[in-house]
Amino acid sequence: MTISGVCKHPRGLAPRQVEGLLLFGLVLTALPLCAQTAAEPAGKLAPNEENIFLDTVRVTADLWESPLARIPASVTVYDEAALRSGAVRHFSDLVDQIPNLTWTGGTSRPRYLQIRGIGENSQFEGETPDSAVRFLVDDFDFTGLGTIGSAFDVSQVEVLRGPQAGAFGANAAGGVVRLVTAAPTPFWTGRAEATIGGDSLRSGSFAVGGPLVVAKPEQLMMRLAVQQVGNDGFRRNLTLNEDTNARDEFTARLRLTWNPNALWRWEAAVLAADFANGYDEFALDNNGHSTYSDQPGVDRQESFAGSLRGTWRGWDGVRFTTVTSGARTDSRYAYDDDWTAASYMGFSDHTRRRWAVNQELRLDSEPRAGWISRWTLGAYYSGIDETTRYTNTDPGNIRGLKTAYHSANTALFGQLGHDFSPHTRLIAGLRVELIEMDGTGLKTRFRKGPGTFDAPVRTAPAFADTLLGGKLTLEHDLAPGAVAFASLTRGYKAGGINVDARIDTTADPLTYGTETLWNGEAGLRGHALDGRATGELTAFYLARQDTQVRDSAGFGGNYRFFTDNADKAHVYGIEAAGTYAFAARWSLRASLALMRSELGRFTLANGNTGGGRDLANTPHHGYTLGTRYGAERGLFGSAELVGRAQQFDSNNQHEARRAFHVVNATLGYAWPRWTLTLWAKNLLDEAYDKRVYFFGNADPDYIETRYENRADPRQLGGTVSYRF
């Protein structure tokens with residue numbers, strides 16, 4: 001399990017104690033790489049030693065599936081045991097723990113992610129569905145729609161940092177997040193789970209899977225998982241005396257695996273989700289627990305998706321794979337502009353429908369000796385159609401904005417490996433991608449007093465570009481359990497269009513250009529102490545050219561949104577993690593993330609200026625220190641300290657989220673089939689931010705003010721589960 005975050009000193013700890021904790025994390029991270037001995041291979045134990053070691057984990061989100069201990073990249077993986085021991089119910093429980101992964105609040109669940117400072121922090125009206133961090137659930141692409149990231153019946157969570165141009169292209173300039181759900185099995189198995197907790201949390205979940213053909217259990221298998229979650233949302237609306245920020249979340253997933261013969265394997269999946277959440281979190285006095293809106297908002301997402309993966313092994317040494325997926329998402333995001341029962345009485349309501357289809361065809365060779373030890377050739381297509389309707393209502397006006405957006409990405413990609421020797425390898429990848437997009441925007445305004453309409457304003461921008469990305473990676477085995485690697489990647493963040501018809505077309509841009517990324521990494525990864533310890537250390541430098549920045553202008557509830565290109569930016573840092581199983585039931589884990597960045601000074605096309613400081617979403621450091629006790633049966637528990645330095649929320653304002661530290665803990669008992677877990681999130685009730693705004697929103701003068709959206713406070717609860 002990997003880690004992240006902090007700046008504040010933990011309560012009760014002096015600065016020198018905090019420094020000691022950080023030093024301990026660094027030592028623990030380096031230990032597995034320094035302690036490896038070449039005398040005995042990993043896994044071999046001396047006489048009378050207990051057989052304690054860490055399980056082998058494989059990373060599936062990269063172009064080539066690899067064991068975690070050997071992948072030449074900066075990666076964080078949480079396996080099922082780590083998710084279960086940490087009482088992880090949703091991806092939101094992990095986001096602050098992953099090195100150099102940040103997220104932006106302002107929604108009921110995290111869905112706007114950034115890795116190493118790259119990624120969007122919103123999709124307000126007029127903002128197009130561009131994203132630089134790919135979010136996948138198996139083969140489903142929910143990039144920018146991570147609200148539905150339930151962790152129930154998830155076997156693994158993977159985060160790859162840095163541009164993933166070869167595997168994913170334009171939508172993975174920052175990296176990739178993938179949730180891997182439990183696969184069908186040739187034997188019947190399942191689980192039922194119930195959770196209760198503070199903030200009126202109640203959750204019920206059920207999963208079952210097994211063979212559908214008794215005589216041939218591996219021919220046709222299924223897995224079904226269903227979950228319902230509800231809670232009050234940690235806010236109380238004092239104007240309406242209601243829990244207007246409550247969550248009501250339903251998820252269902254069905255996976256089928258069909259092996260009709262020795263050559264073909266088909267895997268189908270269907271996902272349905274209905275997250276009917278409220279959204280009422282801001283108050284003019286920044287109290288963090290009560291709201292005063294008379295028109296509370298919602299944050300709703302309904303998604304239905306299907307995928308089909310086929311694998312054919314009819315050629316000697318070559319595998320053919322086809323992956324098709326499609327998803328429809330309907331969402332509604334609404335909020336009380338003025339956050340009160342008085343003031344200017346504004347209400348914003350934004351509905352969106354998105355269709356997304358993806359098709360990938362690829363040929364993969366089996367690893368073999370030779371000048372080219374392994375290769376992949378593939379083709380990819382992605383299409384997005386999104387329509388939105390936005391209304392902003394106040395006592396005198398009804399303002400409207402309708403937009404339509406269409407994009408098509410077509411790519412050819414390849415990757416090959418060459419073995420210089422049994423211990424030294426080179427990997428080279430290349431991707432050529434054509435992106436085409438167009439859209440329309442329509443601005444309207446109805447004046448209630450005279451009962452008249454303003455003249456409508458229309459825009460119709462279009463953009464196209466051919467993008468080139470690739471990577472070179474050199475890896476070398478230092479010992480049987482350790483590998484060193486260095487890589488150079490050219491990534492890209494595709495240009496696009498601004499469809500917000502409220503922009504000033506005489507100054508604000510209708511289109512913006514492609515951003516180019518050069519990412520260099522060098523790292524060590526390995527295991528030691530007979531497999532009881534694993535660790536990784538990666539240093540990176542990321543250079544950004546024609547850096548894309550999102551901007552806005554306005555006050556109160558009236559804003560316009562657009563994206564433009566600044567000049568250069570760079571990010572560099574270190575990501576480290578280690579786990580050490582020092583006894584039959586005990587393990588320690590730690591991670592440390594260090595990051596520095598700079599966005600060069602810039603002047604946009606409309607004259608707005610910025611830069612000359614840290615990029616948004618690049619906290620200078622973060623860490624996690626934790627310990628875990630337990631085995632498959634009996635008493636178990638865990639405790640972790642998660643921290644992160646302050647960070648800017650946006651590149652166009654200078655307010656920063658506060659640094660924080662958070663303590664999480666679990667305690668439970670596992671029987672052969674039953675498990676009881678008591679858990680605590682934010683045990684010390686740390687007050688910190690998940691979104692900060694700086695604008696004028698209070699009558700009568702609309703003086704620019706800092707407004708804070710607080711992260712969840714302390715929550716205690718219990719989970720009981722039954723496995724069969």
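Worth saying up front: this structure is predicted, and the values here are computed from it rather than measured.
Looking at heavy atoms from C-beta onward, Tyr580 lies out of side-chain contact with Thr534 at the 4.5 angstrom threshold. Residues Arg191 and Asp153 are in side-chain contact: their nearest non-hydrogen atoms beyond the backbone lie under 4.5 Å apart. The shortest side-chain heavy-atom distance between Leu63 and Phe168 does not fall under the 4.5 Å cut-off. For the pair Leu524 and Val483, the minimum side-chain heavy-atom distance is 4.5 Å or more. In this structure the side chain of Trp266 never reaches within 4.5 angstrom of the side chain of Thr257, judged on heavy atoms. Using a 4.5 Å heavy-atom cutoff, the side chains of Pro129 and Arg354 are in contact. Contact of the Val154 side chain with the Leu83 side chain is registered, since non-hydrogen atoms from C-beta on lie closer than 4.5 Å. Side-chain atoms of Arg431 and Gln164, non-hydrogen and from C-beta on, never get closer than 4.5 Å to each other.
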Side chain to side chain donor-acceptor pair (under 3.5 Å) between Ser365 and Arg374, worked out: CA-CA 6 Å; Ser365 74; Arg374 187 177 181 183; 5.7 Å; no
For Phe413 and Glu360, run side-chain contact (heavy atoms from CB on, under 4.5 Å): C-alpha distance rounded to whole Å, both residues' side-chain angles, the deciding distance at 0.1 Å, then the answer. CA-CA 10 Å; Phe413 61 91; Glu360 181 177 281; 4.0 Å; yes
Checking Arg255 against Thr181 for the side chain to side chain donor-acceptor pair (under 3.5 Å) test, could you report, in this order, the C-alpha distance in whole Å, the side-chain angles of both residues, the deciding distance, and whether it holds? CA-CA 9 Å; Arg255 292 186 60 178; Thr181 66; 3.3 Å; yes
Between Thr489 and Asn519, is the side chain to side chain donor-acceptor pair (under 3.5 Å) condition met? List the steps. CA-CA 5 Å; Thr489 303; Asn519 185 69; 4.8 Å; no
Derivation of the side chain to side chain donor-acceptor pair (under 3.5 Å) call for Ser382 and Asn358: CA-CA 4 Å; Ser382 174; Asn358 297 276; 3.1 Å; yes
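Using modelled atom types and a 3.5 Å distance limit, the side chains of Thr329 and Ser303 yield a donor-acceptor pair. In this structure, a donor-acceptor pair under 3.5 Å is absent between the side chains of Thr311 and Arg319. No hydrogens or angles considered: a donor-acceptor pair under 3.5 Å links the side chains of Glu575 and Ser74. No side-chain N or O of Glu193 forms a donor-acceptor pair with one of Ser721 less than 3.5 Å apart. For Thr76 and Arg161, the side-chain atoms include at least one donor-acceptor pair closer than 3.5 Å. Side chain to side chain, Thr719 and Thr677 fail the donor-acceptor criterion of an N or O pair below 3.5 Å. Side chains of Thr322 and Gln359: a donor-acceptor N/O pair is present below 3.5 angstrom, by distance only. With no hydrogens or angles considered, a side-chain donor-acceptor pair links Glu158 and Thr60 at under 3.5 Å. Using a 3.5 Å distance cut-off with no hydrogens or angles, the side chains of Asn259 and Arg265 do pair a donor with an acceptor. In this model, no donor atom of one side chain and acceptor atom of the other lie less than 3.5 Å apart for Trp103 and Asn617. A donor-acceptor pair shorter than 3.5 Å can be found between the side chains of Trp64 and Thr376. Checked by atom type, the side-chain pair Asp139/Ser307 shows no donor-acceptor distance below 3.5 Å.
Salt-bridge formation is detected for the pair Asp477/Arg70: a Lys NZ or Arg NE/NH1/NH2 atom is positioned less than 4.0 Å from an Asp or Glu carboxylate oxygen. Remark: Arg313 engages Glu366 in a salt bridge, criterion side-chain N to carboxylate O under 4.0 Å. Using a 4.0 Å cut-off between charged nitrogen and carboxylate oxygen, Arg723 and Glu80 count as a salt-bridge pair. The pair Asp79-Arg58 does not count as a salt bridge, with every side-chain nitrogen at least 4.0 angstrom from each carboxylate oxygen. At a threshold of 4.0 Å, the pair Glu640-Arg628 does not count as salt-bridged, since none of the basic side-chain nitrogens sits closer than that to a carboxylate oxygen. Comment: Lys681 does not engage Asp712 in a salt bridge, judged by the lack of any side-chain N to carboxylate O separation of less than 4.0 angstrom.
Between the OH atom in Tyr380 and the CZ atom in Arg362 there is a gap of 12.5 Å [rounded to 0.5 Å]. Rounded to the nearest 0.5 Å, atoms CG (Leu625) and OG (Ser591) are 8.0 Å apart. Separation of atoms CG (Asn100) and CD1 (Ile118) is listed at 11.0 Å; rounding is to 0.5 Å. Between the CH2 atom of Trp312 and the CG atom of Leu363 there is a distance of 10.0 Å, given to the nearest 0.5 Å. In this structure, Arg247 CZ and Leu201 CG are separated by 9.0 Å, a value rounded to the nearest 0.5 Å. For the atom pair OG of Ser325 and CZ of Phe142, the computed distance is 9.0 Å after rounding to the nearest 0.5 Å.
In terms of heavy-atom proximity, Val133 sits nearest to Gln114 at CG2-CA, 4.0 Å. Across Phe304 and Ala272, no two heavy atoms sit closer than the pair CD1-CB, 4.0 Å. Residues Lys690 and Thr107 share a closest heavy-atom pair of NZ-O, 4.2 Å. When all heavy atoms of Pro211 and Pro217 are compared, the pair lying nearest together is CB-O, 3.3 Å. Nearest heavy atoms, Gly144 versus Ser131: N-OG, 4.3 Å. In this structure, Trp375 and Val318 approach most closely via the heavy-atom pair CZ2-CG2, 3.9 Å.
At distances below 3.5 Å, not a single donor-acceptor pair connects side-chain atoms of Asp138 with backbone N or O atoms of Phe140. Listed for the Gln156 side chain is no donor-acceptor partner under 3.5 Å among the backbone atoms of Val180. Looking at Asp248, its side chain never comes within 3.5 Å of a backbone N or O of Asn277 through a donor-acceptor pair. At distances below 3.5 Å, at least one donor-acceptor pair connects side-chain atoms of Arg525 with backbone N or O atoms of Ala73. Remark: the backbone N or O of Glu249 is paired with a side-chain donor or acceptor of Gln228 at under 3.5 angstrom. Of the possible donor and acceptor atoms, one in the side chain of Arg714 sits under 3.5 Å from a partner among the backbone N and O of Leu683. Under a 3.5 Å cut-off, the side chain of Thr666 and the backbone N or O of Ser638 do form a donor-acceptor pair. The backbone N or O of Gly233 sits less than 3.5 Å from a side-chain atom of Asp199, completing a donor-acceptor pair.
Cation-pi contact between Arg89 and Trp679: present, with separation from the ring centre below 6.0 Å and deviation from the ring axis of at most 45°. Judged by a 6.0 Å distance limit and a 45° cone about the ring axis, Arg116 is positioned over the six-membered ring of Phe540. Relative to the ring axis of Trp671, Arg633 does not place its NZ or CZ within 45° and under 6.0 Å from the centre.
Ring-centre distance between Phe135 and Phe91: below the 6.0 Å cut-off.
The only option from Leu160, Ile71, Leu68 that meets the side chain to side chain contact (heavy atoms under 4.5 Å, CB included) definition with Val77 turns out to be Leu68.
The aromatic rings of Phe275 and His90 sit tilted relative to each other, their planes meeting at an angle between 30° and 60°.
For Ile196, the CD1 atom counts as loosely surrounded, since its 6.0 Å shell holds 12 or fewer non-hydrogen atoms of other residues, nucleotides or ligands.
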